[in-house]
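The figures here come from the full heavy-atom set of this structure, side chains too, leaving out hydrogens, waters and symmetry mates. Here is the naming used below: chain letters follow the sequence lines, and residue numbers restart at 1 for every chain.
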Amino acid sequence: MPSFSHFFHTLNSSKGLFIDAMFLTLKLTLVSILIGIIFGLFFALLKISRVKILEYVSNAYVFLVRGTPLIVQIFILYFGFSGLFLIPDFWAAALALAFHNGAYIAEIFRGTIQSVDKGQMEAGRSLGMTRGVTIRRIILPQAFRRALPPLGNQFIIGLKDSSLAAFISMNELFNVSTTLGSNNFDEMTYLLIVAIYYLVLVALLTMAVSMFEKKLAVSDR
Amino acid sequence: MNGREMIRTENLNKSFGKLHVLKDIDMSVYESEVVCLVGASGSGKSTLLRCLNFLEKKDNGGIFIRGEKVSPDTHNLNHVRQTVGMVFQHFNLFPHKTVLENIIEAPTVVKKFSKTQATEEALELLQKVGLEDKADVYPSKLSGGQKQRVAIARSLAMKPDILLFDEPTSALDPELVGEVLATMKELADEGMTMVVVTHEMGFAREVADWIVYMDDGKIVEKDRPSEFFDHPKEERTIEFLKATMLK
């Protein structure tokens, strides 16, 4: 184990590289979660579409993503994409993570949509609103609010999962820590440092999510 | 005083799986009439009401709205439902919208009214149900009775020809029942055509034009309130009245 003074000295001297890497990690996470939310909403809507074939498509997507390791998905999408199109590494990584997050987010949305009381749909329909309009204006806003805690959780999982992008040479936090560690023959120090960066990011995220939840809770039952 | 026929069912049948809930229901409601559907739980009265609004799909038989046979195959039910409003036992207010937003939702989204016009009408309706000071409050801050009065205003905002009430006071604390019934009585006095599933026999006797007693999916007896309560004809009606009055 590194001594305290050595640890803090290294923490301080490496902060330039780590902070750059932290921004890449954040960007990767943010982009992949946002695209993942779009994927997730899309596949959740397919799931409740009452069209059998669309339900199967949605089920297949969730099955594939949940049934295979993320690192395998990242490699397939990275080498698949870069073999087919010229796509920047960042987007290959972001899309792979988004594809992965999307399946979990689809399940989150499906659950919260179905948790909205049946009477809400009936009330909308009894006022002459179509099923689609009722879903969009009445059901989804309530489902989104209920999805926030699990979405925040998925955000944190996504942040940590983004470390796997190190294996397709993204210079995000984990990659920087292992590179610096092996270059300086000091792996443990840099691993402990990167752990601190992740902890701080997760703590900030947790706070942001709970603030957002409070803000949305004005009409809570 | 037979006015225009507003709603009629002909040989209406409905089953849930093996359970035959509605058996050959023939019923008509004329303009400005208040019809109270009474009967024990499970007698099919709520199902009948929900069929009238097509929230429940009938198996066979006809539903006629103002003389016209309506079915999902030939009619846009979203249009039909604009003329047949519904008030639910559990209010079903939209919790993420304020009282005012609840009321103007359908007029602005379905009827494409401007927000100004819809708001103006909504405030009038709120005044009518005595809740003009609650316009900007979320439903979670209202009592059950207030919620139900908002739900009534929300239905009225679509200017329906007929209003269906599905046990509107059954989920309320006893001391809140009166305010909702008073609002409903006021509507009846103004000539609104109403079909009310209820256990409030006092209300039924005072406000209804007709009482329809259902048991086991059939209409057992239909009569004027005074006849129904004072001189019931069917054995099952007499049993039912005995049981409800003694409680």
Side-chain angles (χ1 to χ4, degrees), chain A residues 37 40-41 44-45 48-52 55 105 108-152 209-221, chain B residues 46 49-50 52-57 72 76-99 101-112 136-142 147 150-151 153-160 162-166 171:
Chain A
I37 286 175
L41 183 60
L45 290 176
I48 59 159
S49 64
R50 291 183 174 169
V51 182
K52 271 278 170 290
E55 278 177 47
I105 294 173
I108 290 173
F109 281 147
R110 182 189 59 77
T112 59
I113 288 169
Q114 287 173 346
S115 78
V116 174
D117 181 54
K118 244 175 57 229
Q120 293 289 304
M121 176 59 82
E122 292 187 346
R125 300 310 304 275
S126 79
L127 290 165
M129 292 158 75
T130 62
R131 182 168 186 267
V133 168
T134 311
I135 288 177
R136 184 164 54 80
R137 297 199 45 100
I138 306 300
I139 311 292
L140 283 186
Q142 298 181 55
F144 271 129
R145 187 163 311 166
R146 288 180 199 188
L148 269 184
L151 271 183
V209 169
S210 77
M211 267 166 56
F212 196 48
E213 271 174 43
K214 279 205 191 96
K215 207 176 153 207
L216 276 182
V218 277
S219 65
D220 65 341
R221 329 163 152 237
Chain B
S46 278
L49 197 74
R50 291 163 60 83
L52 298 181
N53 201 17
F54 302 91
L55 282 178
E56 227 48 91
K57 204 166 166 268
N76 182 341
L77 295 183
N78 300 315
H79 292 165
V80 175
R81 291 197 186 102
Q82 290 174 38
T83 64
V84 186
M86 179 105 164
V87 173
F88 299 90
Q89 179 177 0
H90 295 288
F91 332 125
N92 297 351
L93 293 179
F94 307 134
H96 60 303
K97 293 181 179 292
T98 63
V99 164
E101 288 166 348
N102 263 276
I103 300 175
I104 66 171
E105 176 70 12
T108 51
V109 172
V110 179
K111 286 194 167 168
K112 309 288 181 202
D136 297 320
V137 165
Y138 283 96
S140 59
K141 299 283 183 288
L142 299 177
K147 283 180 190 170
V150 171
R154 180 176 70 175
S155 292
L156 289 174
M158 290 301 278
K159 302 194 174 68
I162 309 155
L163 209 45
L164 311 175
F165 292 81
D166 189 6

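Heavy-atom pairs under 4.5 Å with chain A peak, among B:Leu93, B:Leu164, B:Val137, at B:Leu93. Comparing B:Glu105, B:His90, B:Gln82, B:Met158 by heavy-atom pairs within less than 4.5 Å of chain A, the highest count is held by B:Glu105. Between chain A and the options B:Thr83, B:Val110, B:Val87, the largest number of non-hydrogen pairs under 4.5 Å is found for B:Val110.
The shortest non-hydrogen separation linking B:Asn78 to A:Arg125 is OD1-NH2, 3.2 Å. Between A:Ser126 and B:Asn53, the closest heavy-atom pair is CB-ND2, 3.4 Å. Counting all heavy atoms, side chain and backbone alike, A:Gln120 lies closest to B:Pro95 at OE1-CD, 3.4 Å. Closest non-hydrogen pair, B:Asn92 versus A:Gly119, comes out as ND2-O, 3.1 Å.
Atom-to-atom distance recorded for B:Arg81:CZ and A:Glu122:CD is 9.5 Å, nearest 0.5 angstrom. The structure places CG of B:Leu55 at 10.0 Å from NZ of A:Lys118, a figure rounded to the nearest 0.5 Å. The OG1 atom of A:Thr130 lies 12.0 Å from the CG atom of B:Leu77; values are rounded to the nearest 0.5 Å.
Contact annotation for B:Phe94: both backbone and side-chain heavy atoms come within less than 4.5 Å of a heavy atom of chain A. Heavy atoms closer than 4.5 Å to chain A are found in both the backbone and the side chain of B:Arg154. When heavy atoms are compared at a cutoff of 4.5 Å, A:Arg137 approaches chain B by way of both its backbone and its side chain.
Inter-residue side-chain proximity for B:Lys97 and A:Pro141 is flagged as unmet; no heavy-atom pair is nearer than 4.5 Å.
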